[in-house]
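All ligand and atom numbering here is 1-based and tracks the order in the structure.
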Amino acid sequence: MIVLGIESTAHTFSVAIVQKSKGLSKTSKATKRAKTKRQLSSIEVLANASDKYASTLEGYIPRKLADHHAEAFPKLLQQALSDSSISLSEIDAIAFSQGSGIGHCLHVGYVAAKTLSTMLKIPLVPVSHSIGHIEIGREFNCETNDPLVVYVSGGNTQILGLDKKNSKYHVYGETSDIGIGNFLDVLGRKLELKPSDAVGVVNAAQLASKYIEMPYTIRGMNLAFSGLLTYIEKKLIPQIETKKFTKEEIAFSSQETAFAMLCEAVERALCHTNKKEILLCGGNARNARLQEMLKEICREHNVHFACTSFEYSGDQAAMIGLTGIKMLESKCLPKYEAPVQRLRTDLTHVCW
Ligand code: MG
């Protein structure tokens, strides 16, 4: 089975071609062509072409993101087909990110996917973006069986576990306002760092030598980041001019505080669920400091730590194609195909 995946929830537009081979995968025609590509158990990513809208000080304007995505689609489609040596006639289904995400961006991906599926007369598979992040993490870390999932990205921060009885993910804890990635991205812009996003914060944090005390908001296993952001903006940033604090100290302390809150919630969820594995996934799984803090918790609790690879942590369409294959094989498809801006992780049936 060959599925073309489309990702378009936020700043990144991506087109991937993913294949699941029957039986001896190494003998199949398409697998031979793609033998240099990385193998994901019996599922292989033959192409994963992406283009990210560059972060600016004005933030992400939905209309501009949609224009970027509409322009990127034909170019990335061509690239994915050429990278995989697959022709459109060989594709069995089109999978796309149904949500959650920014409405304008989701709509571009949906129209692109719907057009291809109508034109080629093949099924259209609406995929939950967050389930895609989890599934690609699980597929890569085949040693994890039933992990506590720590999903950290721009729009999401959730601590989840699979509820096998109901075939759905159960949310043990989550942010009650903005995602941890969004918090770091906005902070990068407020501090006018280069790049003006979470990456700028990570780079600046490495140059700091002093920790500044900050508000710490956690209730049970739930978190909140917007109050912390307001405190930083109103109380700390104005003091950069008087040289009381540096940008680097603020970046370092903000990151430490936000991650400490998340780690406390994760530790509580670990004790509550008694799970023996942690899987870190989502765009902010790339953060080495967060990985280090979670590894320490895992050592203390004798729990296995797994993390999605750098390549597949951020937004990309391989995770959408891969999840699309699992949904088609298990006949686990949603009733509606239209994009859903606030599609929750715990609404998707996971029957595979
Ligand atoms: Mg994401």
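Any protein N/O/S atom under 2.8 Å from the Mg ion (ligand 1) was counted, giving 3 altogether.
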Could you pull out all donor-acceptor pairs under 3.5 Å where a side-chain atom in residues 100-115 meets a protein atom, sequence neighbours excluded?
residue: Tyr110; atom: OH; partner: Glu337; partner atom: OE2; Å: 2.7
residue: Lys114; atom: NZ; partner: Glu337; partner atom: OE2; Å: 2.7
residue: Thr115; atom: OG1; partner: Val111; partner atom: O; Å: 2.5

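Within the structure, the ring pair (Phe, Tyr, Trp, His ring centres under 6.0 Å) test picks out no pair touching residues 322-342 (sequence neighbours left out). Residue pairs meeting the ring pair (Phe, Tyr, Trp, His ring centres under 6.0 Å) criterion with at least one partner in residues 214-257, sequence neighbours excluded, are Phe183-Phe225.
Ionic pairing of Arg289 and Glu292 is present here: one or more N-O contacts between side-chain nitrogen and carboxylate oxygen are shorter than 4.0 angstrom.
Between Tyr151 and His133, the ring planes lie tilted relative to each other; the angle falls in the 30° to 60° range.
Both Ile131 and Val18 are part of a single hydrophobic cluster, where members link through side-chain heavy atoms under 4.5 Å apart.
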